[in-house]
Amino acid sequence: MAAATSSSSSSSSAAAAASTPQGVMERRGIPAASFVEDVETYLRQAGLDVNSGLAFLQERLQQYKIVEMKLLAQQRDLQAKVPDIEKCLEIVATLQAKKALGEALTADFELSEGIYSRAKIEDTDSVCLWLGANIMLEYSCDEANALLKKNLENAKASLEVLVADLQFLRDQQTITQVTIARVFNWDVHQRRSKQVTNET
């Protein structure tokens, strides 16, 4: 039983190696795929028959789709986070501007769903920021401004990386889908050739 498991693992490793281009092994944990030009050579080097080869490629394609769903969820979170941070920066800037002019800021805040109250904020030097996990800390306006700017830069940088990851991932899915089609078509051609040979 152990020998069979080892053999299966070796075949999967060989298939993964055969489907990975030289120099580009992965991007942030996402394994790369490469276009298979010679199906027969690919299967022979991987130590797989057609069915096993197709099963491996289908499994890899499914893994890509699962990772894509996770990355898309992260992207949605960041896309929602960036406007929130920008809005907070705008509020802090407004508070600082009002203080510099010696004016009070009138604001409506929500007490509960659908119920609001009006408040007048005068000469404030600090704000409270939600940090997540039900944690709120008080910062001076300058500290809050610096922290929010840093968080905005980090969020935008993370978003750029995610976009690049998703593009890389979609390229790998396309390559894998093309490889699946090539292996399937090669198998059909082989079967037809054998059938013609047997008939003659």
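Only heavy atoms go into these numbers, but all of them, side chains included; no hydrogens, no water, no symmetry mates. The residues of the chain are indexed from 1 along the displayed sequence. Only a predicted model underlies this, so the values are computations on that prediction, with no experimental measurement involved.
The two atoms that bring Arg118 and Phe109 nearest to each other are C-CE2, 4.3 Å, heavy atoms only. Heavy-atom minimum distance, Val127 versus Ala144: CG2-CB, 3.4 Å. Minimum interatomic distance between Ser117 and Leu111 (heavy atoms only, all atoms of both residues): CB-CD1, 3.8 Å. Residues Val161 and Arg27 come closest through the heavy atom pair O-NH2, 3.7 Å. Val39 and Arg182 make their closest contact through CG2-O, 3.8 Å (heavy atoms, listed as atom of the first residue, atom of the second, distance). The two residues Leu57 and Thr176 come nearest to each other via the heavy atoms O-CG2, 3.6 Å.
There is no side-chain donor-acceptor pair under 3.5 Å between Thr174 and Asp171. Judged by distance alone, the side chains of Gln96 and Asn145 never bring a donor and an acceptor atom under 3.5 Å apart.
In this structure, the side chain of Glu143 engages the main chain of Ser140 through a donor-acceptor pair within 3.5 Å. Side chain of Tyr64 to main chain of Pro31: a donor-acceptor pair is present (N/O by atom type, distance under 3.5 Å, no hydrogens or angles). Under a 3.5 Å cut-off, the side chain of Ser158 and the backbone N or O of Asn154 do form a donor-acceptor pair. For the pair Glu110 (side chain) and Tyr116 (backbone), a donor-acceptor distance under 3.5 Å is absent. Asn185 places a side-chain N or O within 3.5 Å of a backbone atom of Ala181 that can act as its donor or acceptor partner. Side-chain N or O atoms of Ser112 include none that pairs as donor or acceptor with a backbone N or O of Ile115 at under 3.5 Å.
Counting non-hydrogen atoms of neighbouring residues, nucleotides and ligands closer than 6.0 angstrom, the CD atom of Glu103 exceeds 12 such neighbours. Summarising the local packing, CD of Glu37 is surrounded by 12 or fewer heavy atoms from other residues, nucleotides or ligands at distances under 6.0 Å. Open room surrounds CE on Met69; 12 or fewer heavy atoms of other groups in view lie less than 6.0 Å from it. Other residues, nucleotides and ligands contribute at most 12 non-hydrogen atoms within 6.0 Å of the CZ atom of Phe184.
Once rounded to the nearest 0.5 Å, the distance linking CD of Glu153 with CG of Leu148 reads 11.5 Å. Atom CG of Asp77 sits about 11.0 Å away from atom CG of Leu72, to the nearest 0.5 Å. Residue Glu68 holds its CD atom at 11.0 Å from CD of Gln62, rounded to the nearest 0.5 Å. Note that the CG atom of Leu54 and the CD atom of Gln58 stand 7.0 Å from one another [nearest 0.5 Å]. Taken from CG in Leu105 to NZ in Lys98, the straight-line distance is 6.0 Å, to the nearest 0.5 Å. Phe56 CZ to Leu61 CG: the interatomic distance, rounded to the nearest 0.5 Å, is 11.5 Å.
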Show the numbers, then the answer: is there a side chain to side chain contact (heavy atoms under 4.5 Å, CB included) between Leu43 and Trp186?
CA-CA 11 Å; Leu43 292 174; Trp186 177 85; 3.7 Å; yes
Taking it one step at a time, do Gln79 and Leu159 satisfy side chain to side chain contact (heavy atoms under 4.5 Å, CB included)?
CA-CA 8 Å; Gln79 286 172 335; Leu159 194 54; 4.0 Å; yes
Stepwise side chain to side chain contact (heavy atoms under 4.5 Å, CB included) check, Gln63 with Glu59
CA-CA 6 Å; Gln63 290 170 349; Glu59 182 182 357; 3.7 Å; yes
Under the side chain to side chain contact (heavy atoms under 4.5 Å, CB included) criterion, do Leu147 and Leu129 qualify, and how do the steps go?
CA-CA 10 Å; Leu147 178 62; Leu129 298 179; 4.0 Å; yes
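Hydrophobic clustering (ILVMFWY, side-chain heavy atoms < 4.5 Å, transitive): Leu71 and Leu78 are in one cluster. Linking ILVMFWY side-chain heavy atoms closer than 4.5 Å, directly or via other members, places Ile30 and Val163 in two distinct hydrophobic clusters. Neither Trp130 nor Val82 shares a network with the other; the hydrophobic side chains, linked directly or stepwise wherever heavy atoms of I, L, V, M, F, W or Y lie under 4.5 Å apart, form separate groups for each.
At a threshold of 4.0 Å, the pair Glu86-Lys156 counts as salt-bridged, since one of the basic side-chain nitrogens sits closer than that to a carboxylate oxygen.
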